[in-house]
Amino acid sequence: MSEQLSEKRKQYPFSEIEPKWQAFWDEHKTFRVANPGDAGFDASRPKFYVLDMFPYPSGDGLHVGHPEGYTATDIVSRYRRKTGWNVLHPMGWDAFGLPAEQYAIKTGQHPRVTTGRNVNRFRGQLKRLGFCYDWDREINTTDPGYFRWTQWIFLQIYNSWFDVATQRARPVSELEAQGLSRDEIDARRLAYVAEVQVNWCPGLGTVLANEEVVDGKSEVGGFPVERRPLRQWMLRITAYAERLIDGLEGLDWPEGIKRHQAEWIGRSEGAEVVFRVEGSGRELRVFTTRPDTLYGATYMVLAPEHSLVDEITTEARRAVVETYRKEAAAKSDMDRTALAKTKTGVDSGGFAINPVNGERIPIWIADYVLISYGTGAIMAVPAHDERDHEFALQFGLPIRQVVQPPPGNEEKCFCGDGIAINSPLFEGLPTQEAKRKITAWLEEQKLGRKTINYKLRDWLFARQRYWGEPFPILWQDGRHQAVADADLPVIPPDLEDFKPTGTPEPPLSKATDWIRVSDTVTRETNTMPQWAGSCWYYLRFIDAGNSSRFAGAEAEKYWMGHNGKPGGVDLYVGGTEHAVLHLLYARFWHKVLYDLGHVTTPEPFQRLVNQGLILGEDGQKMSKSRGNVINPDHVIEEYGADSLRLFEMFMGPLEQVKPWSTKGVEGVYRFLGRVWRLFFEARDDSAWEFSPKVQDVDASPKLLKVLHETIRKVGGDIESLSFNTAISQMMICTNELTSSDVRPVCVLAGLLQALNPFAPHLSEELYHALTARYPSLPKGPLSELPWPQWEARHLAEDTMEIVIQVNGRMRDKLTVAVDIDTDSLKAAAMASEKVTEHTAGKEVRNVIVVPKRLVNLVVR
RNA sequence: GCCCGGGUGGCGAAAUCGGCAGACGCAAAGGACUUAAAAUCCUUUUUUCCUAACGGAGAGUGUGGGUUCAAGUCCCACCCCGGGCACCA
């Protein structure tokens, strides 16, 4: 009874329509796309690769942020398919990772079980939204058939070295052929083992990449992170620093993201300068971007971890320095950053000699100098560097000005470009020239050279986790070696207990049988970080089932190959949170594969678009604690998937941050109801009856105009991703038809075409109903019909409205013939009564005529 | 501190090249239908002032300047909100 009532309330029977068409598309594989060489492949169509950032299938299910980007790409895919492209639009699961493992530890269920369940839930939810993915290409990073190739790519990296001269990766077999020793080769590999200071997180029982540590705590879970030295697998991403910056130029990415990546890589040009340490044969190397301030160096600073600290420290200072080093080591990153109010440091007692003037300057130890950047030592120029300035003031060190700021600049610590002073070797030169001159002089004297430094560090690639890809690496006599191709994939052991060991020993170390390959050979027990699987997933979609290659060469060439553009994926949509990490790592892997000849383009993603965050109804970030989370399942239940899709697109521009609005969902829901009622009228007994207003007649010029305007605008708006205005136009068209006594079949069919990419279920159903009555219409499914052509002749009008202004104020509007000439228009404007009222007794000094728009009379 | 993004009605927003500010939707008010309500359909809706009314005049896109016949749009300075980075020499 109550159910009937609520059924009656429904604007239209979406809960019957939607599952029906989803089943139809599934069954008929409507959205399957063929690869070159496959049956049904149409070589005459150009390709278009539309990619979503694939989700991590969490236990919470989909949130409303997911359908935002996914609907946008769905609309683009459907539209492109209708306008004659072969569209690759796939979906998969980034399913390795910490949450599943931690959930498993808590509940005792194997991550494989929970992951499988979450994947099924996510897939079901996505299907309920009617997305046009080619589900035959579905991938899961935790499938052995998938991570076999993740491991294979790792080995490609492992078996490569970076040739600086040609700036590209080459196989290490070349080095073997040149007769290099094993140690020499291992030192050059793009994947190498090194003892490095790592971010060890006891709470998670793993090390983390710098990028995964936020404010001294783990990004996941918020546990404290400490520094400690460990032997770890590293990837030599720094070798690609230059190319990762240069490659950004050719990409259609938001400028902000490009800048962000470039800043992250942090290229910095300067010079390395050699200072002699007094009383020993030792040299101190420093990196500076301002070699022109060399005469202003009044002291030096070493990072506490610098290898020469012990040697430089005098006996008198040893105890103090040792204490300071211990304190610095114990400090969290947080305490060592700029947020710490005051700088700390101690005098080592040692002195260095300034190479330009032979001056003796003290050497200090301070943790504002980072061991991991440059040489871990600096020359301090307190007159022209904020940090050195602050430190010098605090410890009473001398400050000597060597750059004359431009006139009018009164800054105590001037860091910009000026004129060199107190600098005999290049006195009076502007900063840029001074830099060149001193650098050349240093090179001549063999006291330094031009250098480029990067903020980017090599990528710490190992994790002490269970739920990740095992390394395809074996150990023998303390040396690593690759697992043979034929033995891939290396499948993780079926552990019962995958709890962290509490030490840096990975959980896999508990699988003693698995580790032991033979008496002398054991397996690597670290696993790869979660980024690994997402570094190349876009390539696997191209040929998801291929068991002999990560993707067939021909298919890769077709889908990634491009009209001269560097990137392969034509449109990539996802959140800003991946601005640096995922996008940088994926570009790095792609470039290695490119260098080795495995892929055809130098960049993975040509065009990148970030969808904006959806806030709660209260304008705050959605969170469980605030209780403002919107569950997409509930929205679908109440208003249908088409309404959810349409609303998320109607809220505002895709890239903008915008708040949720339940009333807004109801608004688009009502709009879809209005579209339904163009075709069906409610009978007294609440059944739907086909409207007698729908007739197979010629359309009026007015209706034709609004229809063709709609087709034109919706098409253009989809191409520019302006979905909100496309929907407005369809509303205008619908309003026009609602108030029309006769609704010509051809106009209705056109509207359904325009609506199809946005509300595929409703449009498909209505088109189906329409063709049942009017069999002369092209046979559906609508999703497979080509996009209609708009015709200019229907948009043309005989007359137009021209605004008449006097001194920039609108005074009248005139309806004139479209082909009116300027003089007649001018005359008509001057003749207008409303205009003459305002020009009476005044001199018309100028008349500006903007064709098709306005006339402005300038009077005085 | 630095770097982005953004400030337009009661709200979400729209406005190719500088050319009618507020399309479209929400909310609100009034009307039609109904015994009544819901749903639906129609009308009004930036604001101030003048007019009995038709209608008209002014103001208005964060603030203050500027350029221009004409500025939401371009230039300069500033204020506020959101996000990111954080001693990288």
Side-chain angles (χ1 to χ4, degrees), chain A residues 5 8-11 215 254-257 259-260 263-264 266-268 270 286-290 293 301 333-334 336-340 343 366-370 372-381 384-388 390-391 415 453-457 576-577 579-580 612-613 615 619 621 647 650-653 655-668 670-671 673-674 677 681-682 716 720 722 724-732 734-735 738-739 801-813 834 837 845-848 850 852-859:
Chain A
L5 212 70
K8 209 174 155 186
R9 271 212 171 86
K10 271 185 185 166
Q11 292 272 341
D215 291 343
E255 282 308 313
I257 301 284
R259 203 173 303 122
H260 199 170
E263 274 169 21
W264 189 267
R267 182 182 199 276
S268 161
V286 302
F287 173 72
T288 176
T289 55
R290 294 297 299 268
T293 61
V301 184
D333 273 8
M334 184 71 165
R336 282 180 66 158
T337 61
L339 289 177
K343 293 201 169 15
D367 64 5
Y368 82 90
V369 171
L370 309 175
S372 50
Y373 183 76
T375 59
I378 62 157
M379 64 177 207
V381 184
H384 305 293
D385 182 283
E386 297 279 1
R387 299 151 297 188
D388 299 344
E390 194 189 317
F391 190 79
C415 305
N453 257 313
Y454 301 91
K455 279 196 224 175
L456 185 69
R457 309 291 146 83
T576 0
E577 65 272 20
V580 245
L613 195 66
L615 305 173
K621 216 174 215 170
F647 174 65
F650 188 60
M651 293 168 86
E655 301 187 64
Q656 192 169 301
V657 179
K658 41 207 178 274
W660 186 264
S661 158
T662 299
K663 289 288 182 189
V665 185
E666 282 171 9
V668 294
R670 272 202 293 268
F671 160 65
R674 283 163 73 88
R677 290 193 302 274
E681 290 176 1
S720 63
S722 311
N724 52 336
T725 50
I727 294 166
S728 295
Q729 182 60 36
M730 291 188 277
M731 287 173 169
I732 291 170
T734 303
N735 292 347
T738 298
S739 57
E801 205 172 57
I802 298 289
V803 169
I804 314 298
Q805 296 180 334
V806 177
N807 284 346
R809 287 174 197 279
M810 205 266 286
R811 296 300 177 187
D812 199 6
K813 287 180 191 176
K834 286 174 185 163
E837 272 172 38
R845 295 168 62 88
N846 197 5
V847 181
I848 286 134
V850 183
K852 294 189 199 301
R853 284 192 191 273
L854 60 69
V855 177
N856 189 11
L857 306 173
V858 186
V859 302

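None of these values were measured; they are calculated from a predicted model. Below, chains carry the letters A, B, ... as their sequence lines are ordered, and counting in each starts from 1.
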In chain order, what residues pass the side chain to side chain donor-acceptor pair (under 3.5 Å) check against [X], with sequence neighbours excluded?
{"X": "R845(A)", "result": "none"}
{"X": "S720(A)", "result": "S722(A)"}
{"X": "E681(A)", "result": "S691(A)"}
{"X": "N856(A)", "result": "none"}

- [ ] Please name all residues satisfying salt bridge (charged side-chain N to carboxylate O under 4.0 Å, His left out) with R670(A), sequence neighbours left out, ordered by chain then number.
- [x]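 Counting only residues at least two positions away or on another chain, R670(A) forms no salt bridge (charged side-chain N to carboxylate O under 4.0 Å, His left out).
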Task: salt bridge (charged side-chain N to carboxylate O under 4.0 Å, His left out) involving D388(A) - partner list, sequence neighbours excluded - done: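 So D388(A) forms no salt bridge (charged side-chain N to carboxylate O under 4.0 Å, His left out) with any residue.
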Task: Chi angles and distances behind the side-chain hydrogen bond (donor to acceptor under 3.5 Å, both in side chains) call for R677(A), Q11(A) - done: CA-CA 9 Å; R677(A) 290 193 302 274; Q11(A) 292 272 341; 2.8 Å; yes
Interatomic distance where [atom1] belongs to [X] and [atom2] belongs to [N] [whole Å]:
{"X": "R845(A)", "N": "A70(B)", "atom1": "CZ", "atom2": "P", "answer": "12 Å"}
{"X": "N807(A)", "N": "C69(B)", "atom1": "CG", "atom2": "P", "answer": "12 Å"}
{"X": "E390(A)", "N": "C87(B)", "atom1": "CD", "atom2": "P", "answer": "12 Å"}
{"X": "N856(A)", "N": "A71(B)", "atom1": "CG", "atom2": "C1'", "answer": "13 Å"}
{"X": "R853(A)", "N": "A15(B)", "atom1": "CZ", "atom2": "P", "answer": "14 Å"}
{"X": "D367(A)", "N": "C87(B)", "atom1": "CG", "atom2": "C1'", "answer": "9 Å"}
{"X": "L854(A)", "N": "A15(B)", "atom1": "CG", "atom2": "C1'", "answer": "15 Å"}
{"X": "I848(A)", "N": "G19(B)", "atom1": "CD1", "atom2": "C1'", "answer": "10 Å"}

Open item on the list: Protein within reach of the bases, or only the backbone? For nucleotides 1-11 of chain B, mark each nucleotide 5' to 3' as B, S or -, using heavy atoms under 4.0 Å.
Closed with: ---S-------
Is there a donor-acceptor pair closer than 3.5 Å between any side-chain N or O of [X] and the backbone N or O of [Y]?
{"X": "K658(A)", "Y": "P653(A)", "answer": "yes"}
{"X": "N453(A)", "Y": "R267(A)", "answer": "no"}
{"X": "R290(A)", "Y": "C415(A)", "answer": "yes"}

Mind checking the [atom1] distance from [N] to [M]? Whole angstroms is fine.
{"N": "C20(B)", "M": "A70(B)", "atom1": "C1'", "value": "12 Å"}
{"N": "A13(B)", "M": "C4(B)", "atom1": "C1'", "value": "23 Å"}
{"N": "G62(B)", "M": "G55(B)", "atom1": "P", "value": "31 Å"}
{"N": "U35(B)", "M": "U46(B)", "atom1": "C1'", "value": "40 Å"}
{"N": "G56(B)", "M": "U45(B)", "atom1": "P", "value": "14 Å"}
{"N": "G5(B)", "M": "G60(B)", "atom1": "P", "value": "28 Å"}
{"N": "C87(B)", "M": "A71(B)", "atom1": "C1'", "value": "44 Å"}
{"N": "G12(B)", "M": "A86(B)", "atom1": "P", "value": "32 Å"}

Any strand counts, and the cut-off is 3.5 Å on both contacts for Watson-Crick or G-U wobble. Which nucleotide pairs with [N]?
{"N": "C17(B)", "result": "none"}
{"N": "A28(B)", "result": "U44(B)"}
{"N": "A71(B)", "result": "none"}
{"N": "G60(B)", "result": "none"}
{"N": "G5(B)", "result": "C81(B)"}
{"N": "A36(B)", "result": "none"}

TODO: Determine: side-chain N/O of Y368(A) to OP1/OP2 of A89(B), distance under 4.0 Å, yes or no.
DONE: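 For A89(B), OP1/OP2 do not have a side-chain N/O of Y368(A) under 4.0 Å.
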Open item on the list: Anti or syn, where syn is a glycosidic angle within 90° of 0; which label fits G31(B)?
Closed with: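 G31(B): anti glycosidic orientation.
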Open item on the list: Would C75(B) be called syn or anti here, given the cut-off of 90° from 0?
Closed with: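 Chi for C75(B) falls in the anti range.
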Open item on the list: By nearest heavy atom, map K834(A) and L370(A) onto RNA chain B; which one lands nearer the 5' end?
Closed with: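 Final value for this comparison: K834(A).
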From [X] atom [atom1] to [Y] atom [atom2], the distance as rounded to the nearest 0.5 Å:
{"X": "I378(A)", "Y": "Y373(A)", "atom1": "CD1", "atom2": "OH", "answer": "12.0 Å"}
{"X": "I727(A)", "Y": "I732(A)", "atom1": "CD1", "atom2": "CD1", "answer": "12.5 Å"}
{"X": "Q805(A)", "Y": "K813(A)", "atom1": "CD", "atom2": "NZ", "answer": "11.5 Å"}
{"X": "L615(A)", "Y": "M651(A)", "atom1": "CG", "atom2": "CE", "answer": "8.0 Å"}
{"X": "K455(A)", "Y": "S268(A)", "atom1": "NZ", "atom2": "OG", "answer": "9.0 Å"}

Task: R677(A) side-chain proximity, nearest of A89(B), C41(B), G19(B) - done: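 The answer is C41(B), which lies nearest to the side chain.
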Task: Among A89(B), C69(B), G58(B), the nucleotide that comes nearest once only the side chain of V858(A) is considered - done: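 The answer is C69(B), which lies nearest to the side chain.
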TODO: Please work out if V847(A) contacts a base, only the sugar-phosphate, or nothing of the nucleic acid, heavy-atom cut-off 4.0 Å.
DONE: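 Here V847(A) touches no strand at all.
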Open item on the list: Using a heavy-atom cut-off of 4.0 Å across all strands, would you classify R267(A) as base, sugar-phosphate, or nothing?
Closed with: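 Nothing, no nucleic acid heavy atom in range.
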Task: Counterpart residues, ring-ring contact (aromatic ring centres under 6.0 Å, His included), relative to Y368(A) (two or more places apart) - done: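 Checked Y368(A) against ring-ring contact (aromatic ring centres under 6.0 Å, His included); matches are F391(A).
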Could I get a table of every N or O pair under 3.5 Å where one atom is in the protein and the other is in nucleotides 59-61 of chain B?
unit_1: A59(B); atom_1: OP2; unit_2: R809(A); atom_2: NH1; d: 2.8

Protein N or O to nucleotides 44-47 of chain B N or O, pairs below 3.5 Å:
none

Task: L857(A): which of N846(A), V847(A), I848(A) passes side-chain contact (heavy atoms from CB on, under 4.5 Å) - done: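 One option only clears the test, and that one is V847(A).
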What protein N or O atoms touch nucleotides 21-28 of chain B N or O atoms at under 3.5 angstrom, if any, and at what distances?
unit_1: A23(B); atom_1: N1; unit_2: S728(A); atom_2: OG; d: 3.4
unit_1: G25(B); atom_1: OP1; unit_2: N735(A); atom_2: ND2; d: 3.1
unit_1: C26(B); atom_1: OP1; unit_2: R670(A); atom_2: NE; d: 3.3
unit_1: C26(B); atom_1: OP1; unit_2: R670(A); atom_2: NH2; d: 2.9
unit_1: A27(B); atom_1: OP2; unit_2: R670(A); atom_2: NH2; d: 3.3

- [ ] Kindly indicate whether the side chain of R811(A), heavy atoms from C-beta on, has any atom under 4.5 Å from the side chain of I804(A).
- [x]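 Of all side-chain heavy-atom pairs linking I804(A) with R811(A), none is under 4.5 Å.
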Shorter than 3.5 Å, N or O on both sides, protein versus nucleotides 64-68 of chain B: list them out with atom names.
none

